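Written out below as structure tokens is the structure these notes cover.
Nothing here was measured: the structure is a model prediction, and the numbers come from that model. Scope of the values below: all heavy atoms of this structure, side chains included, with no hydrogens, waters or symmetry mates.
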Amino acid sequence: MREKLTYGLYRGLFGAIALLPFPFLYGLSDILYFIIAKCMKYRQGLIRTNLRNSFPEKDNNELLKIENDFYRQFCDNIVETAKLLHISDKQVDKRITVTGGEIVDRLTSEGHPVILYLGHYGNWEWVPAIVRHFSVPEICAQVYKPLHDKAFDRIMLKIRSRFNPVSIPQKKVFRTLIGWRNEGRRFITGFIADQRSNLSISHHRTVFLNQTTPFNPGGEEIGGRINAAYLYLDVEKPLRGHYHFTFKEITPSEADMDGDSPYTRKYMSMLEETIRRRPGLWLWSHRRWRYQ
């Protein structure tokens, strides 16, 4: 009963926000920015440590500018994510543009499942809108980690179903993708692969944003079993509330192919290029470097 009541509260709150026109949404985001960044100072110590270690060449003013850009994007993400409950196709097409959808169609037509790597950059909750820009895959899936708050997990799954993707819990990814491959299905699966590794000790490490960084090559390990092709989704934000997504093939060099996890390492290199282009759009508040 408690879960149902809590879900109803979340549904009502997010539904009310979703009905607001975009100018009002961003007015609300500005208010949230003042509360979260200036009053609460949400995870400010962690954010500043991450920025300082990632960009030792930048001075305090430059780092503060990135920090403020991050907080504004963080608040925009909150209202934009809620908006998915009621956003129209016309609004989606106006605010989201995509380059390279034909790459997905070509690879899946050739019989390759697609592993799509992306990061917590821009608003990743709007990424499933890319399905409107390719046509061959029968299944478009996304991997997610179930939340401890069951009611909030339900509302987030409701929001993430706007473009009808299949949401796969992390623990079921391997079995699900192997099954689809054995059935001859054509599919693309998105992996947000920039989180901290679930293990305190990882055998896989690379240099990412000037820091030795453990990583989990789970997507690549599964991809190797299903003859997958690997793509990276680059993100740009030309205007507030507008995103441009670009599919790019992940092509490690011949030297990289001799090492372990070449596609994951190349993805992390490509993600770093995206982050350095406009650092404030990345999720600096997560504990990416908790384990060294």
Tell me whether the NZ or CZ atom of R43 lies within the 45° cone about the ring axis of F74 and under 6.0 Å from its centre. no

Quick one: do [X] and [Y] make a salt bridge, cutoff under 4.0 Å?
X    : Y    : result
R277 : E273 : no
R240 : D30  : yes
D260 : R205 : no

Do [X] and [Y] have their ring centres less than 6.0 Å from each other?
X    : Y    : value
F215 : F208 : no
W180 : F187 : yes
W282 : F55  : no

Among K94, R162, R95, which one satisfies salt bridge (charged side-chain N to carboxylate O under 4.0 Å, His left out) with D89? R162

Can you check whether [Y]'s main-chain N or O pairs, donor with acceptor, with [X]'s side chain at less than 3.5 Å?
X    : Y    : value
T49  : G45  : yes
D153 : P146 : no
N227 : H112 : no
Q211 : L209 : yes
D105 : S135 : yes
R185 : E138 : no
E220 : Y263 : yes
K83  : L20  : yes
S161 : K158 : yes
N50  : H286 : yes

Within this structure, what is the OG-OH distance for the pair S285 and Y71, rounded to the nearest 0.5 Å? 8.0 Å

Hydrogens and angles aside, do N68 and Y33 bring a side-chain donor and acceptor to less than 3.5 Å of each other? yes

For the residue pair K145 / Q195, report whether a side-chain donor-acceptor contact shorter than 3.5 Å exists. no

As a quick check of understanding, evaluate side-chain hydrogen bond (donor to acceptor under 3.5 Å, both in side chains) for Y243 and E80, giving each step before the final call. CA-CA 12 Å; Y243 299 94; E80 288 174 355; 2.7 Å; yes

Walk me through whether D69 and Q73 qualify under side-chain hydrogen bond (donor to acceptor under 3.5 Å, both in side chains). CA-CA 6 Å; D69 198 23; Q73 179 64 37; over 6 Å; no

Against D234, only a single residue in T99, T274, T246 fulfils side chain to side chain donor-acceptor pair (under 3.5 Å); can you say which? T274

Any chance CG of N182 has more than 12 other-residue heavy atoms, nucleotides or ligands included, within less than 6.0 Å? yes

